[in-house]
Amino acid sequence: MSNVLVLVDHTDGQVRKTTAELLTIARRLGDPVAVFVGDGVQDALPALGQYGATKVVALTNPELTQFLVAPKAEALQQVAAKVEPAAILISSNAEGKEIAARLAVKLESGLITDAVDVQEGAVTTQSVFAGNYTVQAKVTHGTPIITVKPNAATPEAAETSPEVEEFDVTISDAAKTARITDSKPREATGRPELTEAAIIVSGGRGTGGDFGPVEAFADSLGAAVGASRAAVDSGWYPHAYQVGQTGKTVSPQLYVAAGISGAIQHRAGMQTSKTIVAVNKDEEAPIFELVDFGVVGDLHKVLPAATEEVIKRKS
Amino acid sequence: MKIVVCAKFVPDATADRRFRPEDNTVDRAGVDGLLSELDEYAVETALTVKEAAGDPGDTVVTVLTVGPEQAADAVKKGLQMGADAGVHVLDDAIHGSDAVATSLILAKALAKLEADLVVFGMGSTDGSMGVVPAMVSERLGLPAVTLGSDVTVDGQTVRIRRDGDTASDTIEGTLPLVLSVSDQANEPRYPSFKGIMAAKKKPVETWSLADLELSADQVGGSAAWTEVVEVTARPPRTAGTIVTDDDSGPAGSGAHQLVEFLSTNKFL
Ligand SMILES: Cc1cc2nc3c(=O)[nH]c(=O)nc-3n(C[C@H](O)[C@H](O)[C@H](O)COP(=O)(O)OP(=O)(O)OC[C@H]3O[C@@H](n4cnc5c(N)ncnc54)[C@H](O)[C@@H]3O)c2cc1C
């Protein structure tokens, strides 16, 4: 079978769930070959093997992580020249998309971004125009390069014991230009990662700036917290948690919108959620057109009462 | 310094956006369009950089767009906001171009304009792939600092703050370079009456593919490296249950019914 390259998404060898999803998808297209950039490949090995990586290509050249994406794209080009993959799968985040973009130009290959599904023959599914349309597409030239969104597949284990192959890459001076000079890690919240969470509770302008009830309800459900742009622009919640066109696109099992009107740009980020619930005091709010269940009421009363009841039922 | 803002004409997000049934491309002619709102942040960044320059008269801000006839509106909006000049790459053969082909056209035009600083928005409001800045940077061999939420130009150094998923990073590059800015970067100005009048006299050039030494077979639908196989309108969501919260005790309360719903659907 042909090889399918999967770029591993990790922090110091801690493999993210999206990589398990990519490996699961890669198995539909061929034999997954994981490309691991940076330190910690030995820590990552069990997770990569669990989801069926047949081989792990390790790239440890320090220049790969000192500069912005360009060196990684060069490295992948060199790996691709050797492996001649049938497809290349990369996580659909800011860095992943830029690596994929550069790679598409280098390899003269078609690029599809933001796939929510990839099936045999590398036919992708994407959700476009604020989730109002579903598009199926495929690459017709070169090596299909596909960036895949979180939650595009349920990770399925397929135990292998992959070998690690160190691969030496050469990075051109032209790629060593944009440099990260400082990095302030975001404070950990202890809540699930927004794009990966099964449940999300989001707050909007209707919170009036108090996210306490939103966070408490989220915690009772083990959920991640999101926010509308109005809440972010008001400085009530960090931009990293914004859901929507210019924030994160999420597709959880359950999305709860509290004090959010449901503007098209917000819908763009959450419309494909499996189940949608809203709490809004305005019965005319457009968010109610989307919901499976809606409560017309004051979130400052409804959420604390619901939180209390959830905690009671769970204990 | 020559600053060029790459601006896209897009179907209005609040209108009924659709695909052309004959070739599954985005209908850019049959629906109202406008300058992609996310590119307004790029125009604003360019204008701020110009205003902050020692001698603003030495800096020229050009708005560059690739698109059909009506895309001239995107250029016009940029000029009304305060850009100095416009370039519209217009050619029938361009219709159906994918991101890779678009990046080729932009790169050729940017080289012809001898841009020192190329500014993009974070993505278009229609295709929203967000990959064109990286592709253009790759083609021009220029550094790219992308998704800036705060931008400073200090001599030859461009520094941005990028608020990522796990960290807030400071990223630096040296001119000439490609920059993209997020919608957190600034508050785009509205065109003033003076700006609207002045825009009418600003120079706008229209270039064809031939002007960029490109041929029709390098761009457009036939040169696209991806193909849309099928387009399906998302079925409308089936109407849900809406209850009104009242104070008539647990049975009637919105919270109680909400938790019942969550429990029935196994979210607890
Ligand atoms: C280019 C562009 C990109 C954008 N990107 C995004 C994006 O990524 N994400 C995003 O969210 N928006 C985005 N927007 C903004 C979007 O258009 C809306 O302005 C925004 O989503 C509104 O946020 P909101 O629903 O919280 O506020 P509002 O629209 O003001 O709605 C507040 C809601 O809260 C309700 N409410 C008030 N008080 C209470 C209460 N006590 N209890 C219950 N309900 C209450 C009100 O009835 C109302 O429905 C974008 C806009 C543009 C132009």
Side-chain angles (χ1 to χ4, degrees), chain A residues 68 93-94 97-98 100-102 104-106 109-113 123 129-142 174 177-186 199 221 239-240 245-246 254 264-265 275 277 288 290-297 301-302 305-306 309-310 313-314, chain B residues 13-14 17 19 38 99-100 103 122 125 128-131 134-135 138-139 141 143-147 149 163-174 182-184 225-234 237 240-245 253-259 261-263 265 267-268:
Chain A
L68 229 50
N93 50 35
K97 285 214 256 185
E98 287 188 22
R102 289 175 179 278
V105 172
K106 286 178 192 294
S109 292
L111 165 67
I112 290 173
T113 62
V123 175
F129 285 170
N132 288 337
Y133 284 90
T134 303
V135 164
Q136 286 190 311
K138 60 175 200 260
V139 167
T140 53
H141 190 275
T177 46
R179 188 186 277 277
I180 301 174
T181 56
D182 187 33
S183 184
K184 288 193 189 65
R186 209 171 78 198
I199 304 179
L221 295 168
H239 177 66
Q245 188 190 322
T246 53
L254 170 65
I264 180 92
Q265 295 91 351
T275 300
V277 167
F288 285 125
L290 296 183
V291 301
D292 297 284
F293 190 84
V295 180
V296 179
K301 276 167 52 196
V302 176
E309 186 152 343
V310 170
R313 289 204 195 191
K314 276 193 170 177
Chain B
T14 56
R17 294 180 293 183
F19 288 87
L38 296 173
V100 181
S103 73
M122 64 188 288
T125 55
S128 64
M129 293 172 77
V131 293
M135 287 178 174
E138 180 70 35
R139 289 187 186 281
V145 296
T146 50
L147 300 174
S149 286
D163 296 324
D165 288 351
T166 52
S168 179
D169 294 332
T170 307
I171 299 166
E172 260 180 37
T174 308
S182 81
D183 63 338
Q184 304 290 306
W225 292 345
T226 50
E227 180 188 29
V228 171
V229 188
E230 205 179 298
V231 175
T232 335
R234 195 182 168 77
R237 292 188 85 102
T241 312
I242 314 259
V243 301
T244 302
D245 186 43
S253 117
H256 179 78
Q257 291 175 67
L258 169 57
V259 177
F261 172 84
L262 296 180
S263 168
N265 290 281
F267 289 119
L268 297 191

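Just so you know, these numbers come straight off a predicted model, no measurement behind them.
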Go through A:Gly142, A:Ala137, A:Ala305, A:Ala104 and name the one with the most non-hydrogen pairs under 4.5 angstrom from chain B. A:Ala137

B:Val231, B:Thr170, B:Val145: which one forms the most heavy-atom pairs within less than 4.5 Å of chain A? B:Thr170

Parallel, tilted or perpendicular, as decided by the 30° and 60° cut-offs, for the rings of B:Trp225 and A:His141: parallel

Could you tell me which of A:Asn132, A:Asn93, A:Thr134 has the largest number of non-hydrogen atom pairs under 4.5 Å with chain B? A:Thr134

With a 4.5 angstrom heavy-atom cut-off, is it the side chain or the backbone of B:Leu258 that approaches chain A, or both, or neither? both

Contact winner vs chain A - B:Ala255, B:Ala99, B:Ala144, heavy-atom pairs under 4.5 Å: B:Ala255

Which of the residues A:Val277, A:Thr140, A:Thr113 is involved in the greatest number of heavy-atom pairs with chain B at under 4.5 angstrom? A:Thr140

Would you mind checking which part of B:Ser168 comes under 4.5 Å of any heavy atom in chain A, side chain (CB onward), backbone (N, CA, C, O), both or neither? both

Heavy-atom cut-off 4.5 Å, strictly under: side chain, backbone, both or neither for A:Ala240 against chain B? side chain

How far does OG1 of A:Thr275 sit from CG of B:Asn265, to the nearest 0.5 angstrom? 6.0 Å

Top residue by heavy-atom pair count (under 4.5 Å) with chain B, among A:Ala94, A:Ala101, A:Gly297? A:Ala101

Which heavy-atom pair separates B:Phe267 from A:Leu221 by the least distance, and what is that distance? O-CD2, 4.2 Å

For the backbone of B:Glu172 and the side chain of A:Arg179, can you confirm whether one donor and one acceptor N or O come within less than 3.5 Å of each other? no

Non-hydrogen side-chain atoms of B:Leu268 and A:Val310 separated by less than 4.5 Å: yes

Heavy-atom pair with the smallest gap, counting every atom of A:Val302 and B:Gly254: CG1-C, 4.4 Å

Crowding at NZ, A:Lys314 (>12 non-hydrogen neighbours, <6.0 Å): yes

Checking heavy atoms, do the side chain of A:Gln245, its backbone, both or neither come under 4.5 Å from chain B? side chain

Turns out that what part of B:Met135 lies under 4.5 Å from chain A's heavy atoms comes down to both

Distance col, row B:Leu262:CG vs A:Ile199:CD1, nearest 0.5 angstrom, shows 7.5 Å

May I ask you to name which of B:Thr241, B:Val131, B:Val228, B:Ile171 has the most heavy-atom pairs under 4.5 Å with chain A? B:Thr241

Separation between CD1 of A:Ile180 and CG of B:Asp169, rounded to the nearest 0.5 Å: 5.0 Å

Closest non-hydrogen atom pair between B:Pro143 and A:Thr177, with its separation: CB-OG1, 3.3 Å

Chain A contact via B:Ala233 - which portion, at a heavy-atom distance below 4.5 Å: both

Measuring from A:His239:NE2 to B:Ser149:OG, what's the distance to the nearest 0.5 Å? 5.5 Å

Using a cut-off of under 4.5 Å for heavy-atom pairs, which of A:Thr246, A:Ile264, A:Val291 has the most such pairs with chain B? A:Thr246

Determine whether A:Val123 and B:Glu230 satisfy the following criterion, side-chain contact (heavy atoms from CB on, under 4.5 Å), listing intermediate values before the conclusion. CA-CA 10 Å; A:Val123 175; B:Glu230 205 179 298; over 6 Å; no

Looking at every heavy atom in both B:Met129 and A:Leu111, which two are closest together, and how far apart are they? CE-O, 3.9 Å

A:Leu290, part contacting chain B, at a heavy-atom distance under 4.5 Å: both

List the atom of A:Ala306, the atom of B:Val259, and the distance in Å for their closest heavy-atom pair. O-CG2, 3.7 Å

Of the listed A:Leu68, A:Leu254, A:Ile112, A:Val139, the one with the largest count of heavy-atom pairs under 4.5 Å with chain B is A:Leu254

Do B:Arg237 and A:Asp292 meet the salt-bridge criterion of a basic N to acidic O distance under 4.0 Å? yes

Looking at every heavy atom in both B:Gly164 and A:Arg186, which two are closest together, and how far apart are they? O-NH1, 3.9 Å

Straight-line distance of A:Glu309 CD to B:His256 NE2, nearest 0.5 Å: 5.5 Å

About how many Å separate CD of B:Gln257 and CZ of A:Phe293, when rounded to the nearest 0.5 Å? 5.5 Å

